[in-house]
Amino acid sequence: MTRPIRIETLAVQSARFQDAPAGAVAAPIILSTTFERAADGTFPHGYIYSRSGNPNREHLERCLTALEGGRACIAFGSGSAATAAAFQSLSPGDHVIAPSDAYYGTAKLLNEVFGPWGLQASYADMSVLGELERAFRPNTKLVWIETPSNPLLKVTDIKRVAAMAHARGARVVCDNTWATPVLQRPFELGADVVMHATTKYLGGHSDVLGGALVVREDDDFAQRIRLIQTTGGAVPSPFECWLVVRSIRSLPLRVRAQADSAARVARHLEQHPAVEVVHYPGLERHPGYEVAKKQMSAFGGMLSFQVKGGREAAMRVAAGVRIFTRATSLGGCESLIEHRASVEGPASKTPANLLRVSVGLENAEDLIADLSDALA
Ligand SMILES: *Cc1c(COP(=O)(O)O)cnc(C)c1O
């Protein structure tokens, strides 16, 4: 009898390395770029050359496949390399629909790298299904979902978008970086591919860059992504794979603690007189609350808020924190705060008084006190 196991157990189990010759409980890091042939010319362990496959990368890929409940995983040297491989697996002349507030690197790839290559792209606010529906073309092959989104934490109904895309013959990729498989299960909602920047929550310690595509079917599309990985070579190093696997063991506990603290910080900020509005899908007044409640088991560790008094007031708050670190990125143990419009540059549509927060593993009361001092 196989009993279903829960994600905390799965995170630890899938990170176990079964065949360490010394009986090591933590996996060894195998740096070798090349692997020995047997006398008969075969490769008895299946490894030939590290770009096409190595034990640490396979370990990470198995782990991520198990966590998302997919069929296979293809790991890359960054989240953006994973995104690029998904687009590259299409053909020139194909059309992609992406969210109007997609991760800026994703939009930049579409506009500046894949546009000239011949891939067509449109953008839609996917929290408004009518807008998405109008964006379809006869050659639409891929719908890219990112939920919750950056920096307004907009929520896309994965199930409804997937149904709409499938009815029109398009695949669905869900960037699950912010929610993680702990809080959101895109395959159960109809996504065909799950994308991760493992740089964020999966890595979890702000010390490793990585990305992955997990696929629901090991079909032609997956084979093409694998070809781009092994031939293009945008692969993570064995040490980077090892770091992510090391961190995955504590992923469920970290993410739940971060989501719990983020909810408390959001509720505190919501009633603070110096705050104009808080964007957090766990707040009842957030436009994505109902959908988020349906498709997420908690609302995540990311939030943003707008400070009364415009850009200058927001900059003063960012300057006044002591526990938060002023830095971009997210998902690490340390809480981060950032003035998003400054990072995105002159073309940014982000409100000038908006600060984005990644809630870390500090005590929530200390974080609330730090923000209160900075807001005072
Ligand atoms: C960080 C991030 C990416 C890109 O990942 P990199 O590892 O920085 O290339 C993509 N999508 C989302 C939602 C991200 O937060």
Side-chain angles (χ1 to χ4, degrees), residues 60 64 68 73-88 96 98-114 121 123 126 142-156 158 172-184 186 191 193-214 228-229 232 234-237 240-241 243-244 247-248 251 255 258 262 279 281 288 292 296 299-304 327-332 336-338 340 343-344 348 350 356-360:
L60 171 63
L64 292 174
E68 286 291 358
C73 168
I74 304 108
F76 291 90
S78 71
S80 301
T83 301
F87 295 146
Q88 218 178 341
V96 174
S100 45
D101 56 352
Y103 176 73
Y104 75 104
T106 302
K108 197 167 172 167
L109 272 172
L110 282 173
N111 298 338
E112 296 180 27
V113 178
F114 288 97
Y123 299 91
M126 294 198 191
L142 194 82
V143 175
W144 191 273
I145 299 177
E146 187 184 322
T147 182
S149 75
N150 177 36
L152 295 178
L153 285 292
K154 283 192 184 166
V155 176
T156 296
I158 301 173
V172 173
V173 181
C174 179
D175 182 338
N176 206 26
T177 299
W178 280 30
T180 82
V182 180
L183 305 184
Q184 184 166 275
V193 179
V194 173
M195 178 268 171
H196 277 289
T198 58
T199 313
K200 312 295 169 55
Y201 287 101
L202 292 162
H205 297 72
S206 308
D207 55 10
V208 59
L209 203 63
L213 295 170
V214 188
I228 290 162
Q229 177 207 39
V235 291
S237 73
E240 288 166 324
C241 295
L243 279 171
V244 178
S247 298
I248 280 174
L251 176 77
V255 167
Q258 284 162 320
H279 306 285
M296 301 177 77
F299 302 99
M302 294 298 295
L303 61 100
S304 64
T328 194
S329 199
L330 56 122
L336 304 178
I337 192 164
E338 115 178 291
R340 212 38 219 169
V343 182
E344 292 174 357
S348 167
T350 298
R356 191 185 83 177
V357 165
S358 168
V359 174

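Please read these numbers as outputs of a predicted model, since none were measured by experiment. For this chain, numbers begin at 1 and follow the sequence in order. For ligands, and for the atoms within them, numbers begin at 1 and follow the listed sequence.
Residues of the protein with a heavy atom under 4.0 Å from ligand 1 are Ser78, Gly79, Ser80, Tyr103, Glu146, Asp175, Thr177, Trp178, Met195, Ala197, Thr199, Lys200, Leu209, Gly210, Leu330, listed by chain and number.
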Mind running side-chain contact (heavy atoms from CB on, under 4.5 Å) on Thr83 and Val173 for me, showing each step along the way? CA-CA 9 Å; Thr83 301; Val173 181; over 6 Å; no

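The aromatic rings of Phe114 and Phe87 stand perpendicular to each other, their planes meeting at an angle above 60°, with 30° marking the opposite boundary.
Annotation for Tyr123: atom OH counts as buried by contact number, over 12 foreign heavy atoms lying within 6.0 Å.
At a threshold of 4.5 Å between non-hydrogen side-chain atoms, the residues Met296 and Thr147 do not count as touching.
For Glu146, the side chain to side chain donor-acceptor pair (under 3.5 Å) test picks out no residue, with sequence neighbours left out.
With Ser149 contributing its side chain and Lys154 its backbone, the two residues share a donor-acceptor pair below 3.5 Å.
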